[in-house]
Amino acid sequence: MSSITLPDPIAAYFLADTQGPDQVAQCFTPKAVVKDNDEIFTGRDAIRAWKKAADLKYTCTTVPFTLDLIEGVHAVKAHVSGNFKGSPLDMKFFFRLERGLIANMEVTV
């Protein structure tokens, strides 16, 4: 997938992102929060619905290329290309991990 070594929960997320909404939801804690496009999705059911809606609207490939740890938050930059306006883009994903799962994820450009 990439030449960087991601923490297991983050690597699992990027793999699950290619597999579908159910797999993505399982990467998160039961009360996890995802912030994307100024919208907030709380809990696995909301995260599953967010991913399902995104999959219906977009097809894209995400390749992480940098990882930094900033005050307990894993900041990943990824090259994202697909059928969306402005493609390709380098996007930022911020992850807070908890007990081997993702507790919080924010996606920005």
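As the structure is a prediction and not an experimental result, all values here were calculated from the model. Numbering starts at 1 and runs along the sequence shown.
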Requested in this report: May I have the step-by-step check of side chain to side chain contact (heavy atoms under 4.5 Å, CB included) for Val80 and Thr61, ending in yes or no?
Outcome: CA-CA 6 Å; Val80 183; Thr61 302; over 6 Å; no

**Report entry** Verdict with reasoning, Val34 to Ile40, per side chain to side chain contact (heavy atoms under 4.5 Å, CB included)
**Finding:** CA-CA 6 Å; Val34 169; Ile40 296 174; over 6 Å; no

Query raised in the report: For the hydrophobic clusters of this structure (ILVMFWY residues joined by side-chain heavy atoms under 4.5 Å, transitively), does one cluster hold both Met91 and Phe14?
Result: yes

Query raised in the report: Is there a chain of hydrophobic side chains (I, L, V, M, F, W, Y, each step under 4.5 Å between heavy atoms) that links Val107 to Ile4?
Result: yes

Query raised in the report: Can you tell me how far NZ of Lys92 sits from CD of Glu106, rounded to the nearest 0.5 angstrom?
Result: 10.5 Å

Query raised in the report: Is Thr18 reaching over with its side chain to a backbone N or O of Leu15, donor-acceptor style, under 3.5 angstrom?
Result: yes

Report summary line: Here the gap from Leu89 atom CG to Thr108 atom OG1, rounded to the nearest 0.5 Å, amounts to 11.0 Å

**Report entry** Pairwise distance CG(Asn83) to OG1(Thr59) - rounded to 0.5 angstrom
**Finding:** 4.5 Å

Query - Atom of Leu101, atom of Gln26 and distance for their closest heavy-atom approach - result: CD2-O, 3.6 Å

**Report entry** Working for side chain to side chain contact (heavy atoms under 4.5 Å, CB included), residues Asn104 and Phe28
**Finding:** CA-CA 8 Å; Asn104 186 288; Phe28 291 84; over 6 Å; no

Requested in this report: Please work out whether the ring planes of Tyr13 and Phe93 are parallel, tilted or perpendicular, with thresholds of 30° and 60°.
Outcome: tilted

Report summary line: Shortest non-hydrogen pair, Pro21 vs Asp55, comes out as CD-OD2, 3.8 Å

Query raised in the report: Is there any salt bridge (charged side-chain N to carboxylate O under 4.0 Å, His left out) pair reaching into residues 59-73, and which pairs are they, with sequence neighbours excluded?
Result: none

Query raised in the report: Can you list the steps and then say if Phe95 with Val76 is a side chain to side chain contact (heavy atoms under 4.5 Å, CB included)?
Result: CA-CA 8 Å; Phe95 297 90; Val76 177; 4.0 Å; yes

Report task. Give, for atom SG of Cys27 and atom CD of Gln19, the distance between the pair rounded to the nearest 0.5 Å. Result -> 8.5 Å

Requested in this report: Please report the shortest heavy-atom distance between Pro64 and Leu6, naming the atom on each side.
Outcome: CG-CD1, 4.0 Å

Report task. Not counting sequence neighbours, list each pair that qualifies as a side chain to side chain donor-acceptor pair (under 3.5 Å) and has a residue in residues 27-38. Result -> Asp36-Trp50

Query raised in the report: Can you list every pair that meets salt bridge (charged side-chain N to carboxylate O under 4.0 Å, His left out) and has a residue in residues 3-24, with sequence neighbours left out?
Result: Asp17-Lys51, Asp22-Arg48

Query raised in the report: Any chance CZ of Phe84 has more than 12 other-residue heavy atoms, nucleotides or ligands included, within less than 6.0 Å?
Result: yes

Requested in this report: Could you tell me the separation between the CG atom of Leu97 and the NE2 atom of His74, rounded to the nearest 0.5 Å?
Outcome: 5.0 Å

Report task. Give, for atom CD1 of Ile10 and atom CE of Met105, the distance between the pair rounded to the nearest 0.5 Å. Result -> 10.5 Å

Query raised in the report: If every non-hydrogen atom of Pro9 is compared with every non-hydrogen atom of Ile102, which pair is closest and at what distance?
Result: O-CD1, 3.8 Å

